[in-house]
Structures are given as structure tokens and as C-alpha cells.
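These notes are about the structure you will find just below.
The chain is numbered in sequence order, starting from 1.
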Amino acid sequence: MHFEALSVTLAPGQTSRIAAGNGILYQVSGSTAVTLDAVTKVLSSGEGLFLPSGRAVSLKAAPGEPAVLLHFRLVSALSAGQPVETAPAVVRELYRTTTPIPDLKSGGYDVNLSRITFPPHMPSNPPHHRTGAALYYVLAGTGANTIAGTTEGKGPGSFVYEPSGLVHQWGNAGDEPFTFLVFNINPEGIAAVVPAAPLKSP
């Protein structure tokens, strides 16, 4: 399985259908009526919705302004890069993992999307790693991402991929809040984030 992130834009009043796999929509601006198996939910800016695999989904932008969404997906290598939303939606692939997510085994998984804000001058959190994997997307501010003792600033529009076992830290050394999205997968019943480095097999 791969992580994939798409940008989806609909002009006011336009409608599009989705060939949905497991994924999550996040409304960046405007609003969108999302119909999933005949049940409609209106997404406003900052709201999200999980799209389960194999379901009929349609999108309709509200009148008055364009609807801009992010579509985070879990896809197989064969499905990666394939069309998802139909015309007239304007779709751009923003990110895709170059190799499959490592260490995913048979069984149940939790898939979720979180929006997190670090206040200005927040020190880096303790070193930790993921039990599954995550894809970060920076919405605002600049975060301090530390891996193997090297810290890099990550600004708006940046993607950061965290496979399982990658020991890392996040902080905010700037004067503005740092806000980001985390598209995460982890084994069902197991914490998504655990301290320090993973235990090595004997």
C-alpha cells in the first residue's frame, strides 16, 4: 500500500464522482456536499470525512466560491496515480510514496486524519516513532522536524513521510502557530505513536 495526496478543485456548483478507496477528504476552502450511499454531509473549511472502499461517492461544490479539498488515500501500487475524481474536477497529485509502506501485516488497522497546532516557541517533543506510518501536510507556520540529530524547517505545503520505526521529533521554534495534518495508519488496538526507538529483534 502507498500513501497518496491529491488536490481537488471544483468550480461553484460543479459536481464530481469519486472512485473511492480507503481515504479521507479534508476541506481546505469553500464548502462541498459529499454524498456517500445516498447520505449527504456538507464539509466546511477545516472539516474532514472518511471514505470507505467500494462505496458510491459524489461531490458538489456550493454556489458562490470554488471548493478546494485535499484527498488523502491508501492505494495499491496498481491504483496509485489512477484517476479518482471525475471531470470537471481539477485534480493534481501532490505526493505519493515511492515505495510501499513497510511492515504492514495482515489484520485490522485504524486510519485517521488529525489536525494539530503547536503554539509558538514550543520545544521539540521527545523522540518517538510510529507503529504504522503517517504522512504530514503543513497548513501554516514552520515546524522543526528532527531526524537523526538533524533539524529541518517544514513550511506550508510541505509533506513529510514517517514510515514505521523512524525515530523523529517535532517542535515549533517560530513566532507563529504551526498547524499541520497527519494522515495515519496503525495496527488496530495499538497506539499510533510510541516513545523512543523500536525494539530490535534478537
From Ser164 atom OG to Glu162 atom CD, the distance as rounded to the nearest 0.5 Å: 11.0 Å

Any Leu51 side-chain heavy atom under 4.5 Å of Ile18 side chain: yes

Distance, nearest 0.5 Å, that separates CZ of Phe183 from CZ of Phe72: 7.5 Å

Asn186 and Asn184: side chain donor to acceptor below 3.5 Å: yes

Rounded distance [0.5 Å steps], CD1 in Ile185 versus CG in Leu74: 5.0 Å

Nearest non-hydrogen partners of Pro12 and Gly64, listed with the distance: CB-N, 3.6 Å

Backbone N/O of Leu59 and side chain of Thr32: donor-acceptor pair under 3.5 Å: no

ILVMFWY cluster, Leu181 and Phe50 together (side-chain gap under 4.5 Å): yes

same_hphob_cluster(Val167, Ile147) at 4.5 Å side-chain heavy-atom cutoff: no

Point-to-point distance, once rounded to the nearest 0.5 Å, from OG1 of Thr9 to CD of Glu85: 10.0 Å

Any Thr97 side-chain heavy atom under 4.5 Å of Glu4 side chain: no

Atom pair CG (Leu69) and CG (Leu10), whose distance is rounded to the nearest 0.5 Å: 7.0 Å

Donor-acceptor contact below 3.5 Å, side chain Gln169 vs main chain Asn125: yes

Ser44 and Gln27 side chains, donor-acceptor separation under 3.5 Å: no

Same cluster (ILVMFWY, side-chain, under 4.5 Å), Tyr161 and Val182: no

Side-chain touch Leu43/Lys41, heavy atoms, less than 4.5 angstrom: yes

Check: Thr151 side chain, Thr146 main-chain N or O, donor-acceptor pair, under 3.5 Å: no

Polar contact flag, side-chain donor to acceptor under 3.5 angstrom, Thr117-Thr179: yes

Nearest heavy atoms of Pro156 and Ala140, plus distance in Å: CG-CA, 4.1 Å

Candidate pair Lys154 and Thr142, rule side-chain contact (heavy atoms from CB on, under 4.5 Å), full reasoning: CA-CA 5 Å; Lys154 301 295 182 180; Thr142 300; 5.7 Å; no

Val90-Val8 co-clustered via ILVMFWY side chain contacts under 4.5 Å: no

Minimal non-hydrogen separation, Asn172 against Glu176, with atom names: ND2-O, 2.9 Å

Parallel, tilted or perpendicular, as decided by the 30° and 60° cut-offs, for the rings of Tyr136 and Trp170: parallel

Side-chain (Ser158) to main-chain (Val138) donor-acceptor, under 3.5 angstrom: no

Side chain to side chain, Val57 and Thr35, heavy atoms closer than 4.5 Å: no

Atom of Pro187, atom of Asp110 and distance for their closest heavy-atom approach: O-OD2, 4.4 Å

Interatomic spacing from CG in Leu6 to CG in Leu70 - rounded to 0.5 Å: 9.0 Å

Whether over 12 other heavy atoms sit under 6.0 Å from Glu152 CD: no

Flag side-chain contact, heavy atom, 4.5 Å: Pro177 against Pro120: yes

Leu139 side chain reached by Arg115 side chain, heavy atoms, under 4.5 Å: yes

Path from Leu36 to Ile24 over hydrophobic side-chain contacts below 4.5 Å: no

Test item: Val34 and Thr40 side chains (from C-beta on) under 4.5 Å apart, heavy atoms: no

Polar contact flag, side-chain donor to acceptor under 3.5 angstrom, His168-His128: yes

Tyr26 and Tyr137, any side-chain heavy atoms less than 4.5 Å apart: no

The single option from Tyr95, Phe3, Phe180 passing ring pair (Phe, Tyr, Trp, His ring centres under 6.0 Å) against Phe159: Tyr95

